[in-house]
Amino acid sequence: MSKKELLRVEDLKLYFPIKGGFLGRTVNHVKAVDGISFSVFEGETVSLVGESGCGKSTAGRAILRLEKPTGGEVYYEDLNMNSLNKQELRTLRKDLQIIFQDPFASINPRQTVVQVLEEALLIQNIVPRRQRRERALELLDTVGLKEHQADRYPHEFSGGQRQRIGIARALSLNPKLIVCDEAVSALDVSIRAQILNLLKRLQKEFQLTYLFISHDLGVVRHISDRVIVMYLGRIMEVADKKSLFEKSRHPYTRALLSAIPVLKPSQKRERIVLTGDVPSSINPPVGCRFHTRCSYVQDLCRAEEPELRLTGDMKEGHVAACHYFEELYGDKVG
């Protein structure tokens, strides 16, 4: 039985205008997200990965309409989110929540924890007033915090505890899809593992779907079902976790994988060092966007942008945007 498609993104674009001149006219655009398409199915975790500045966090914000897309369509359960008015979008937000990277910056420092959690219930008016505190205390218990901590302020908590509060707030409206925007990148390694395990437990308990945004492929390997690799606003490769980590088919993906720290000193991995800097997203390179840093670049790469094409792993839907992945990697593993 095939899974239900919960989210579909079609040719999503988000450009930020650059103003210049005496009149402050738009002279150019930062093409943060430049035409990406993918789907997320119910109950799975799809990760968006890439270097800083690749557009992954911006894509997540555009999907939730925290930023208005420049172009493209976003469908949630076949409902076109771009066609919704403010009231309809506000109603839909119960199903779509986000966990931010910095829990301290995303929580009102003048509110107690219980007030933070009650606020969403008040705005959406889904829990009677007398039951809001009880619901907030239930949420704190769900994420591993105690009742006696409910009336404390955010500065009285550690970073890991504040992230648990952020998770509780995301859960408060019983969402179906949660965007985790670098949700563990600001945490210590030991706390990071606890939060990841918490997210996995909550996913199973509440049948959640995650769009997980991260630059850390070690974390992505732990939590993901499928992985989408982005570079300079475009998608370079999409595969299930096993295929991506064992049989990646794009030079950029292989470079990212080679940077994952090895767990044992006896383990050896060839380090692929990318030369040069990431090009400007104001004027991205013609042709393949990765060609300025690719060791295998050829004339076709400089002239024509590759489309996402199926690799040999057709059953897994493994696709890569490279003109020469057959010649470079064939069917070999690793």
Side-chain angles (χ1 to χ4, degrees), residues 9-38 47-72 74 100-102 179 181-182 185 211 213-217 220 227-238 248-259 271-308 319-325:
V9 178
E10 295 183 354
D11 197 30
L12 181 66
K13 298 177 182 178
L14 182 53
Y15 298 169
F16 294 104
I18 299 173
K19 304 291 185 179
F22 178 73
L23 298 177
R25 293 174 176 169
T26 299
V27 296
N28 211 330
H29 291 87
V30 175
K31 299 175 182 177
V33 179
D34 197 13
I36 64 172
S37 302
F38 63 90
S47 290
L48 280 177
V49 303
E51 296 172 287
S52 296
C54 71
K56 55 188 186 295
S57 291
T58 306
R61 295 178 66 86
I63 288 168
L64 294 181
R65 289 293 298 275
L66 299 179
E67 300 279 359
K68 187 177 180 180
T70 305
V74 177
F100 293 99
Q101 176 179 359
D102 185 350
V179 175
D181 185 9
E182 299 277 11
S185 65
L211 180 61
I213 299 168
S214 179
H215 66 275
D216 189 334
L217 281 165
V220 166
V227 183
I228 300 170
V229 181
M230 287 187 65
Y231 181 80
L232 211 62
R234 299 284 289 174
I235 292 176
M236 299 290 105
E237 189 165 7
V238 183
S248 57
R249 289 294 181 268
H250 197 285
Y252 177 61
T253 307
R254 295 217 165 194
L256 293 180
L257 293 175
S258 76
R271 181 73 169 93
I272 302 172
V273 179
L274 298 178
T275 59
D277 296 324
V278 179
S280 170
S281 55
I282 299 173
N283 293 300
V286 176
C288 176
R289 301 203 171 186
F290 185 61
H291 85 256
T292 59
R293 305 174 74 197
C294 182
S295 302
Y296 310 104
V297 61
Q298 299 187 38
D299 290 340
L300 180 60
C301 306
R302 298 185 181 94
E304 184 178 321
E305 185 170 12
E307 296 181 356
L308 285 167
V319 294
C322 177
H323 291 299
Y324 298 106
F325 65 72

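This structure is a prediction, so every number in the text was calculated from the model and none was measured.
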*Asks:* How many angstroms lie between CZ in R302 and SG in C294, if you round to the nearest 0.5 Å?
*Replies:* 10.0 Å

*Asks:* Locate the shortest heavy-atom distance separating P279 from L232; write the atom from each residue and the value.
*Replies:* O-CD1, 3.2 Å

*Asks:* Can you see whether Q101 engages S185 through a side-chain donor-acceptor pair at a distance of less than 3.5 angstrom?
*Replies:* yes

*Asks:* Between P69 and A62, which heavy-atom pair has the shortest distance, and what is it?
*Replies:* CG-O, 3.9 Å

*Asks:* What distance separates E237 CD from M230 CE, expressed to the nearest 0.5 Å?
*Replies:* 14.0 Å

*Asks:* Assess the residue pair V297 and F290 against the criterion (side chain to side chain contact (heavy atoms under 4.5 Å, CB included)); give the C-alpha distance rounded to whole Å, side-chain angles, the decisive distance to 0.1 Å, and a yes or no.
*Replies:* CA-CA 9 Å; V297 61; F290 185 61; over 6 Å; no

*Asks:* Nearest 0.5 Å, what's the OG-CG distance between S47 and L217?
*Replies:* 9.0 Å

*Asks:* Would a distance-only check, ignoring hydrogens and angles, find a side-chain to backbone donor-acceptor pair under 3.5 Å from S214 to V49?
*Replies:* no

*Asks:* Classify the ring geometry between Y15 and H29 as parallel (under 30°), tilted (30 to 60°) or perpendicular (over 60°).
*Replies:* tilted

*Asks:* Specify the closest pair of heavy atoms between G60 and I213, including all atoms of both residues, with the distance to one decimal.
*Replies:* CA-CD1, 3.9 Å

*Asks:* Check A59 against I36 and note the closest heavy-atom contact, atom names and distance.
*Replies:* CB-CD1, 3.9 Å

*Asks:* Run the numbers on R293 and V278 for side chain to side chain contact (heavy atoms under 4.5 Å, CB included), then give the verdict.
*Replies:* CA-CA 8 Å; R293 305 174 74 197; V278 179; 3.2 Å; yes

*Asks:* Please report the C-alpha distance between H323 and E304 in whole Å, then the side-chain angles of each, then the deciding distance to 0.1 Å, and finally whether the side chain to side chain contact (heavy atoms under 4.5 Å, CB included) criterion is met.
*Replies:* CA-CA 9 Å; H323 291 299; E304 184 178 321; 4.0 Å; yes

*Asks:* What pair of heavy atoms forms the shortest contact from M236 to Y252, and how long is it?
*Replies:* CG-CD2, 4.1 Å

*Asks:* Would you check if L256 and Y231 make a side-chain contact, meaning some heavy-atom pair closer than 4.5 Å?
*Replies:* no

*Asks:* With distance as the sole test, does H250 use its side chain to make a donor-acceptor pair with the main-chain N or O of C322 at under 3.5 Å?
*Replies:* no

*Asks:* Could you state the interatomic distance from CD1 (I228) to CG (L211), rounded to the nearest 0.5 Å?
*Replies:* 7.0 Å

*Asks:* As an exercise, state the distance from SG of C54 to CZ of R234, rounded to the nearest 0.5 Å.
*Replies:* 13.5 Å

*Asks:* Check whether K56 reaches the backbone of D181 with its side chain - one donor and one acceptor, N or O, closer than 3.5 Å.
*Replies:* no

*Asks:* Side chain to side chain contact (heavy atoms under 4.5 Å, CB included) for F38 and I235? Distances and angles first, verdict last.
*Replies:* CA-CA 9 Å; F38 63 90; I235 292 176; 4.2 Å; yes

*Asks:* For S248 and T253, which heavy atoms make the closest approach, and how far apart are they?
*Replies:* CB-CG2, 3.7 Å

*Asks:* Nearest 0.5 Å please: distance from the OG atom of S295 over to the CG atom of L274.
*Replies:* 7.5 Å

*Asks:* With a 3.5 Å distance limit and no angle check, can you tell me whether E67 reaches the backbone of T58 through a side-chain donor-acceptor pair?
*Replies:* no

*Asks:* Which pairs count as side chain to side chain donor-acceptor pair (under 3.5 Å) when at least one residue sits in residues 276-291, sequence neighbours excluded?
*Replies:* D34-R289

